[in-house]
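Below: the structure, in structure tokens.
All values below were derived from every heavy atom in this structure, side-chain atoms included, with hydrogens, water molecules and symmetry-related copies excluded. Quantities reported herein were computed from a predicted structural model and do not represent experimental measurements.
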Amino acid sequence: MDAMVVAAWGRDCDRIQLEVISGNDPARGLFVAYGFTDVRELLVVRRPPRTGHTSPLFDTSITITDLPEADIPAVLASRTDSPSWLDETSSLLKWGKLAGFEAYHPDGQRSWLVYHPGTFQLSHFAFGPFIDANVARALLFTAHASHPRSDTKVENVPADSPYWPVMQALGYIPTFTRQEMVLYRR
């Protein structure tokens, strides 16, 4: 830990960010002793593949369109959320092979969902602005309807995310939680 902190400060980092699995008290104690403070609780959630839903499970006045791959970097650059290191824009773009959808609400508001469609698993979800539960449901439903046989694992969903209740309604379950912690250079 000493070496990591010295190396980070030696590379002109202003902060060190980490996550500790909830319940790992020895690790958390070590980080607290080094001066790390809690930022937020993050969820790791899963959703098994589902089949059988052929009609949209959302308000059909919401228009959903494919997000062109060439537009994904610009869409991600417009983010206003605070993603964890795992889903920061630069991390997502390094993953490559991203897909996404845009949702247009009848009142003119727009949101989006970008994710990594792996061979067997959807992952690395990045959400646009939360408009309402209907738009969130439309985006998530469309992603799952496009990959009906894919398992889904989304890491580091903030426990207070407005998307989380919608995800739960669509069959997501928490597998474990992490505590995000940070240490700032003094």
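- With K97 contributing its side chain and P117 its backbone, the two residues share a donor-acceptor pair below 3.5 Å.
- At least one side-chain heavy atom of P129 sits under 4.5 Å from a side-chain heavy atom of W112.
- Heavy atoms only, all atoms of each residue included: W164 and A159 are closest at CD1-O, 3.9 Å.
- Remark: the backbone N or O of L76 is paired with a side-chain donor or acceptor of T89 at under 3.5 angstrom.
- To the nearest 0.5 angstrom, T152 atom OG1 is 9.5 Å from Y115 atom OH.
- A distance below 6.0 Å separates the ring centres of H144 and Y172.
- Distance CD/E19 to OG1/T177: 11.0 Å, rounded to 0.5 Å.
- Transitive grouping of hydrophobic side chains (ILVMFWY, heavy atoms separated by less than 4.5 Å) brings F141 and I64 into a common cluster.
- For the pair H105 and R110, the minimum side-chain heavy-atom distance is 4.5 Å or more.
- Shortest non-hydrogen contact noted between M167 and L140 is CG-CD1, 3.7 Å.
- Under a 3.5 Å cut-off, the side chain of E102 and the backbone N or O of S111 do not form any donor-acceptor pair.
- Other members of the cluster containing W85 are L86, with ILVMFWY side chains joined at under 4.5 Å, either directly or via other members.
- Taking 4.5 Å as the limit, some side-chain heavy atom of L92 sits within range of a side-chain heavy atom of R79.
- Salt bridge present: E155 and K153 bring a charged side-chain N and a carboxylate O closer than 4.0 Å.
- Residues R40 and D160 are not in side-chain contact: their nearest non-hydrogen atoms beyond the backbone lie 4.5 Å or more apart.
- Interatomic distance, CG of L113 versus CZ of F125, reported as 5.5 Å (0.5 Å rounding).
- Between atom CE of residue M181 and atom OG1 of residue T37 there is a gap of 7.0 Å, rounded to the nearest 0.5 Å.
- Between I62 and L139, the closest side-chain pair of non-hydrogen atoms is not below 4.5 Å.
- Of all heavy-atom pairs spanning F101 and L67, the tightest one is N-CB, 3.7 Å.
- In this structure, the separation between CG on D14 and CG on L183 is 11.5 Å, given to the nearest 0.5 Å.
- Remark: side-chain polar atoms of S91 are not paired, donor with acceptor, to backbone N or O of D87 under 3.5 angstrom.
- Crowding of F130 atom CZ: a count of heavy atoms from other residues, nucleotides or ligands under 6.0 Å exceeding 12.
- Distance check, rounded to the nearest 0.5 Å: CD of E69 to CG of L98 gives 7.5 Å.
- Residue V20 comes nearest to A27 through the heavy atom pair CG2-CB, 3.7 Å, listed as atom of the first residue, atom of the second, then distance.
- Of all the heavy atoms in A169 and R137, the pair that sits closest is CB-NH2, 4.0 Å.
- Cluster membership check: V45 does not share its hydrophobic cluster with L42, using side-chain heavy-atom separations under 4.5 Å among Ile, Leu, Val, Met, Phe, Trp and Tyr.
- Residues Y104 and T65 have side chains in contact (heavy-atom distance under 4.5 Å, counting atoms from C-beta outward).
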Please tabulate, for side-chain N and O atoms in residues 1-11, each donor-acceptor pair with protein atoms closer than 3.5 Å (sequence neighbours left out).
unit_1	atom_1	unit_2	atom_2	d
D2	OD1	Y34	OH	2.4
R11	NH1	A7	O	3.4

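- R46 places no side-chain N or O within donor-acceptor distance of the main-chain N or O of T175, the cut-off being under 3.5 Å.
- Between V135 and Q109, the closest side-chain pair of non-hydrogen atoms is not below 4.5 Å.
- Between A138 and T142, the shortest heavy-atom contact is O-OG1, 2.7 Å.
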